[in-house]
Amino acid sequence: MLVFIVIPVYNEGAPLFEVISDLKTQGFHNIILVDDGSDPPLRYPALDDGIFIIRHPVNMGQGAALETGMKLAIKKGADVVVHFDADGQHSAVDIHQLTAPLFENRADIVLGSRFMEKSETNISRLRKILVHGARYFNKCMTGLLLTDAHNGLRAINKKAMSKMNFTQNRMAHATEILTIIKKNNLRWKEVPVSVWYTAYSKTKGQKPFQIINIFFDIVLKKLKP
Amino acid sequence: MNIIQIVLLSSLGFIFVLYFTWFRNASYDKMILLILLITGGVFVINPELTNKMARWVGVGRGADLLLYLSIVGFSFLFILFYSKIRRMEYTLTELTRNQALLEQQLKETQSNEKS
C-alpha cells in the first residue's frame, strides 16, 4: 500500500528537517510538505523523488493545508495518508501502528491518542484539562467520545480521504473530522501514540487557549454560509 | 431646524447616494435600506414620534427604543457579514488550493521535460 505523509508547514525552522529525516529512517519516503504561505517560502535543501512541496500563496490554516496535501496525495495514487506535525512533537515510529488497522482493513481512519494505556506524553496540566473539556465538547457536537481531542496524528484510507472536504480551514478541522466520520459511518479506531512537547513545538503549535477560537469556529459554523 | 437635524439628514442623504450608486445589491436589500432611511429621516424631523412609539410599546423614552432596535439591527448585521465572510473564505480556499495544485503539476511537467 502506498503511504503518503502530509505535513502542513508554516514558517518552520530546522526541526522540520529532523522530522523528515526521522520519517525516512522509518521507511516513509513519500512526503508532501504543504507550505501554507510561509514567508519566505519553504526551501528544502535535499529534494528527492519522494518529497513534494506544494505551496499555498497565502496562509489558509492547518485544515486547508491538510486537505490540499490529501488532494495531491490522491493524485499521486496514495492508498493511505498520514497527517503529521512539522514541529517534531510526533514520533515517526508511531506511524506503523497507526497504519496497521488500515492495512488489515479494520478501520477507515485511525486517530492517535495521548491518553490511552501505553501513550506517552509530557502534556502540561492546563492543556490536559482543556483537551478533556474538548473531548466532551466534541461528544456534544459529533456524538463521538474519544480518549483524546485535537491530536494531529492520524492515518486515513482512500475511502475516508474521499470524504474529507473540510469547511474548517483552521484548527477546528479536527472536530470536523469526527463529524465526517459520524456522517459517513466510517470505521474508526484510536491507538496510543507519543507526543512530546518541546520548547520549539510550544512556540509553533496550538496554544492551550486557542481552544476558545476552535469553539467559536465550530459554533459559528452552524450559521451556514 | 436644529444643527443636529441638518447633520443627521445630510448623513442619511449621503448613505442613500453612496449605497445606491456604489453597491449593487439585491432589490430587497435596497428596499430595506430605503425604508430604514425614510424612517430615520422621519424620526430626525419629528423626534417626538419616537417617544410616542416608545410609550406605545412600553419603553420609557424614544432614545431607549432606538438603542434597543440598534442592538438587534447590529446583531443581525454581524451574522449577515459573518456569513458573507465565511462564503468568501471558502471561495478563496478553493482558489488557493486549485492554484497550488496547478503550480505543482506545472513544476513537475517542467522538471520531467528537463530530464
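Numbers restart at 1 for each chain; the letters A, B, ... are given by sequence-line order, proteins then strands. Since the structure is predicted, the reported quantities are computational estimates derived from the model, not experimental observations. Side-chain atoms are counted along with the backbone in the values below, which use heavy atoms only and exclude waters and symmetry mates.
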- Query: Just wondering, are more than 12 heavy atoms of other shown residues or ligands nearer than 6.0 Å to NZ in K107(B)?
  - Reply: yes
- Query: If you count the non-hydrogen atoms of other residues, nucleotides and ligands that lie under 6.0 Å from CG in L77(B), is the total more than 12?
  - Reply: yes
- In Å, rounded to the nearest 0.5 Å, how long is the span from OG1 of T96(B) to NE2 of H56(A)? 6.5 Å
- Message: Are there over 12 heavy-atom neighbours, none belonging to M1(B), within less than 6.0 Å of that residue's CE?
- Response: yes
- Task: Quick one: closest heavy-atom pair of Q168(A) and R86(B), and the distance?
- Result: OE1-NH1, 3.9 Å
- Task: Can you establish whether the number of heavy atoms outside F17(A) located under 6.0 Å from its atom CZ is more than 12?
- Result: yes
- Message: Heavy-atom pairs under 4.5 Å with chain B: which of T68(A), V58(A), L72(A) has the most?
- Response: T68(A)
- Cationic N near anionic O, under 4.0 Å, K76(A) to E108(B): yes
- Message: Using a 3.5 Å distance criterion without hydrogens, assess whether the side chain of R55(A) forms a donor-acceptor pair with backbone atoms of E103(B).
- Response: no
- Message: Quick check: closest heavy atoms across Q104(B) and I53(A), and the distance to 0.1 Å?
- Response: OE1-O, 2.7 Å
- Distance, nearest 0.5 Å, that separates NZ of K71(A) from CG of L101(B): 8.0 Å
- Query: Say you draw a straight line from CZ of R97(B) to CD of E67(A); how long is it, rounded to the nearest 0.5 Å?
  - Reply: 3.5 Å
- Message: Quick check on Y68(B): does its OH atom have over 12 non-hydrogen neighbours (other residues, nucleotides or ligands) under 6.0 Å away?
- Response: no
